Amino acid sequence: MTGTGWRETARRRLVGEEFDLLVVGGGATGAAIARDAATRGLRIALCERGDFASQTSSQSSKLIHGGLRYLQHGDLRLVFEALAERRRLLETAPHLCRPREFLYPAYAGRFPSLGMLSLGVGLYDALSLWHSPGRSRRLDSHEVHRLVPWLRSAGLQGAQRYFDGWTDDARLVLENLLDAAVAGAVVISGVEVQPDDRRSGSLRVVRAVDRDDGERFEIRARLLVNATGPFCDSFSGGPRRLRPTLGVHLVVDGDRVPTLGRAVVVHSPRDGRLLFVLPAGRRTIVGTTETDWPGPGDPARSPRPDDQIRARRNDVEYLLQTVNHAFPPAELQPSDVIATFAGLRPLLDSGLASQGSASREHAIWADARGWLHVAGGKLTTMRSMGEEVVDRAIAILHDRGLEGILRPCQTRTRPLPGAGKANLGSLELAPGIAAHLGETYGARANQVAALIAADASLGRRLDPELPYVAAELIFAIRFDLACEVEDILRRRVPLALFSKTQGLDVADETATLLARERGWSAERRAQSLLAYRAAVSTSRLWQTD
Ligand SMILES: Cc1cc2nc3c(=O)[nH]c(=O)nc-3n(C[C@H](O)[C@H](O)[C@H](O)COP(=O)(O)OP(=O)(O)OC[C@H]3O[C@@H](n4cnc5c(N)ncnc54)[C@H](O)[C@@H]3O)c2cc1C
C-alpha cells in the first residue's frame, strides 16, 4: 500500500475481487471496521468518496477522552467504555495519542463549583480504573494564576487538574487504514458508492464511480456496511435516525491565548456551554460550537457530503466572545483568526429538545435489504464500534454461508503502524524538527528521515513558524495515501489549519510534486491546485457572511 501506484492497485482489486464486506465511508468508523475485519481475516474493501477522514473525522476537538461532562448526564457506562478505549489508544498508538493536562477553573457562584469538579474528576478517574494518564489534583487560585496568568481572575476559586488524551484525528484514521491494508484490506479514496444494489447469487453488487477519472464500475461483496457518519440517512434513504449538529473550531496564535501547554475548560458567557481552549504547538484551538444542522429553515433535510459545511460569522463571534471572556487580556478580534474548521457530529436523534444534549452513543442496525448501518459514537470509541460492527457482520456472514476460521479480535492490543520510537540517528535537523517528526509519525519518521538523508534540501521548513518540512509533502504522496493538494495541505501536513498563509504559498510546489509523482497532465495539476484554493476561500467565507 505504498508508492504512488497504490491507488491503481486498489482500483484493480476492487473490480476484480469478491469481498466478504464492503464498507462505505473512510472516516473513523469505516477505518476502524476495516482494520478490525482485515486483521481477523475477512476479505474487505473500503471506499471513501473524498479523502480519508475528509469529513467529520478531521474536524473534531481531537480529544481522546471519556467525556467528563457526560458524567453530568449520568452516562456512566458510556464514560467507562470511552475511558477503556482511551487507555487502549494511549498504549497501541503512543506516538499519536498523548496525555494532555487539563485545567477546569471554578468561579464563585458559577456552576460547577470546585467541590463538584473534584468529585466529578474523582469519579472520572475511578471509571478509568485509576489509569489516568496523569495525576489529578485540586489547585488553589494562586496556583492557577501562576500556571495560566491570563485566565479571568475575578471570582476565581481554584481549578481542578485532570488528564485526558490528545491526538491528530485525521492521522489516527489514516494509520487505521494503513494497518487494515497491511492485513490485506483494499482501501481507496475518491470512490463514491451508489446507494442501491442488486443480488448476484450470494453476492450483492453495487455501482461505484471513480471521481478521479469518472469511470463507473461494479463491486461485489457478501455484505455492505454503511459507515457514512453524518450522511448515514441520506445514503441509506431509510427513516431518519440522526440529528447532526454543526461544530466549529477556530485557530489563533498561541501567544495570543497563552496556556503554557495546558488545555483549559471554559464556559460561554452567552449560554454557559462548555468549550475547550487547546494548545496545538505554536497555535491555540478554541472550540466548539454546537448548533442544529441544517438549521430551523429546513429541519427535515439530512446532510449530504456536497453541502458547504463551514464556520459562519456567528460561530466565530461566539467563540471569540467565549475566549475573550475567559482570558480578558487576549482581546481577540476576527482578524486574529488564522483558520476555522467545521464538522457535523453524527448524533443519534434521541428526541431531546435542545442541541448539546443529544446522545453520543452509537447504533448498529440491519435493513430489509440486508445492509448493515452504523452511526453515532466518537473518535475515542472508534475501535470498539469497529469491533462490534465486525461481530455483527460475522454473524450475518455465517448465515450467508461464510466458511473458514477467523481470528478473534486483534485490535484491542495490536499496535498502530507508527507505534514505536523513531531513530533519526545522525541526521542534522533544525531544532524542533526531530521532535515534530517523532511525534507525528512515530517509528515511521525513519522513512521521512531517509528522504532528507538522500536530499538535504528536503529538511527545509515549509513555514518559518511551524516544524513541517518539505520531505513530508513527498512522504504524504508516497506513504500516506494523499491524492490531491488538499489532502496534503489540510490533513497530512496541515498548513491549511496552522499556517498564517494557510499553505497557499506552498500549494504550487505541492501540486508540482503530485504531478511529478503521479504523472499528471498540466490540466490535472491545475485542477487540484484550484480545488485547494477554493477550499481555503470557502473556509474564509465567514468573514463576509
Ligand atoms: C466539532 C466536533 C468535535 C468533536 N470532538 C471529538 C473529540 O474531541 N473526541 C471524540 O472522541 N470525538 C469527537 N467528535 C466526534 C467524532 O469526530 C465523530 O464521531 C467521528 O469522527 C465520526 O466518524 P465517522 O466515520 O462516523 O464520520 P465521517 O468522518 O464523517 O466519515 C464518513 C465518511 O463517509 C464518506 N461518504 C459519504 N457518502 C459516501 C459514499 N456514497 N461513498 C463513499 N463514501 C461516502 C464521507 O465522505 C465521509 O468521509 C467530534 C465531532 C465534531 C463534529
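Atoms within each ligand, like the ligands themselves, are counted from 1 in listed order. What you see is a predicted model, and the numbers here were worked out from it, not measured in a lab.
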Is there a side-chain contact between [X] and [Y] (heavy atoms, below 4.5 Å)?
{"X": "Thr340", "Y": "Val251", "value": "no"}
{"X": "Phe498", "Y": "Ile285", "value": "yes"}
{"X": "Asp253", "Y": "Arg283", "value": "yes"}
{"X": "Thr284", "Y": "Leu278", "value": "no"}
{"X": "Arg540", "Y": "Gln502", "value": "yes"}
{"X": "Asp210", "Y": "Phe217", "value": "yes"}
{"X": "Val186", "Y": "Leu46", "value": "no"}
{"X": "Leu223", "Y": "Leu372", "value": "yes"}

So, [X] versus [Y]: side-chain donor-acceptor pair below 3.5 Å or not?
{"X": "Asp271", "Y": "Ser268", "answer": "yes"}
{"X": "Glu484", "Y": "Ser528", "answer": "yes"}
{"X": "Asp292", "Y": "Thr245", "answer": "no"}
{"X": "Arg270", "Y": "Gln321", "answer": "yes"}

Among all protein heavy atoms, pick out the one at the shortest distance from [atom]; state its residue, atom name and that distance to 0.1 Å.
{"atom": "atom 38 (N) of ligand 1", "answer": "Thr228 CG2, 3.5 Å"}
{"atom": "atom 20 (C) of ligand 1", "answer": "Ser57 OG, 3.8 Å"}
{"atom": "atom 16 (C) of ligand 1", "answer": "Leu379 N, 3.6 Å"}
{"atom": "atom 43 (C) of ligand 1", "answer": "Arg49 N, 3.3 Å"}
{"atom": "atom 33 (C) of ligand 1", "answer": "Glu48 OE1, 3.4 Å"}
{"atom": "atom 52 (C) of ligand 1", "answer": "Arg345 CG, 3.5 Å"}
{"atom": "atom 50 (C) of ligand 1", "answer": "Ser60 CB, 3.6 Å"}
{"atom": "atom 42 (N) of ligand 1", "answer": "Val193 N, 3.1 Å"}

Sub-6.0 Å ring centroid separation between Trp166 and Phe276: no
For the residue pair Tyr104 and His267, is the inter-centroid distance of their aromatic rings smaller than 6.0 Å?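 Yes, close enough.
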Which of these, Ser61, Gly247, Gly67, has its nearest heavy atom closest to atom 3 (C) of ligand 1? Ser61
List every atom of ligand 1 that sits less than 4.0 Å from any heavy atom of [X], numbering the atoms from 1 in the order shown and giving each element.
{"X": "Leu63", "result": "7 (C), 8 (O), 9 (N), 10 (C), 11 (O)"}
{"X": "Thr288", "result": "1 (C)"}
{"X": "Gly343", "result": "53 (C)"}
{"X": "Pro230", "result": "27 (O), 30 (O)"}
{"X": "Lys378", "result": "10 (C), 11 (O), 12 (N), 19 (O)"}
{"X": "Val191", "result": "43 (C)"}
{"X": "Gly25", "result": "33 (C), 34 (O), 35 (C), 44 (N)"}
{"X": "Val24", "result": "40 (C), 42 (N), 43 (C)"}

Region of [X] engaging ligand 1 - heavy atom pairs below 4.0 Å:
{"X": "Pro195", "answer": "neither"}
{"X": "His65", "answer": "side chain"}
{"X": "Leu344", "answer": "backbone"}

Close N or O approach ([X], ligand 1; < 3.5 Å):
{"X": "Thr380", "answer": "yes"}
{"X": "Asp51", "answer": "no"}
{"X": "Gly376", "answer": "no"}
{"X": "Thr56", "answer": "yes"}
{"X": "Thr29", "answer": "yes"}
{"X": "Glu192", "answer": "no"}
{"X": "Gly377", "answer": "yes"}
{"X": "Phe235", "answer": "no"}

The single option from Arg43, Arg220, Arg204, Arg40 that satisfies salt bridge (Lys or Arg N to Asp or Glu O under 4.0 Å) with Asp20 is Arg43
So Phe52 and Trp6, would you call those rings parallel, tilted or perpendicular, with 30° and 60° as cut-offs? tilted
Check for me whether His249 has a heavy atom closer than 4.0 Å to any atom of ligand 1.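 It does; at least one heavy atom falls under 4.0 Å.
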With sequence neighbours left out, the residues meeting salt bridge (Lys or Arg N to Asp or Glu O under 4.0 Å) with Arg392 are none
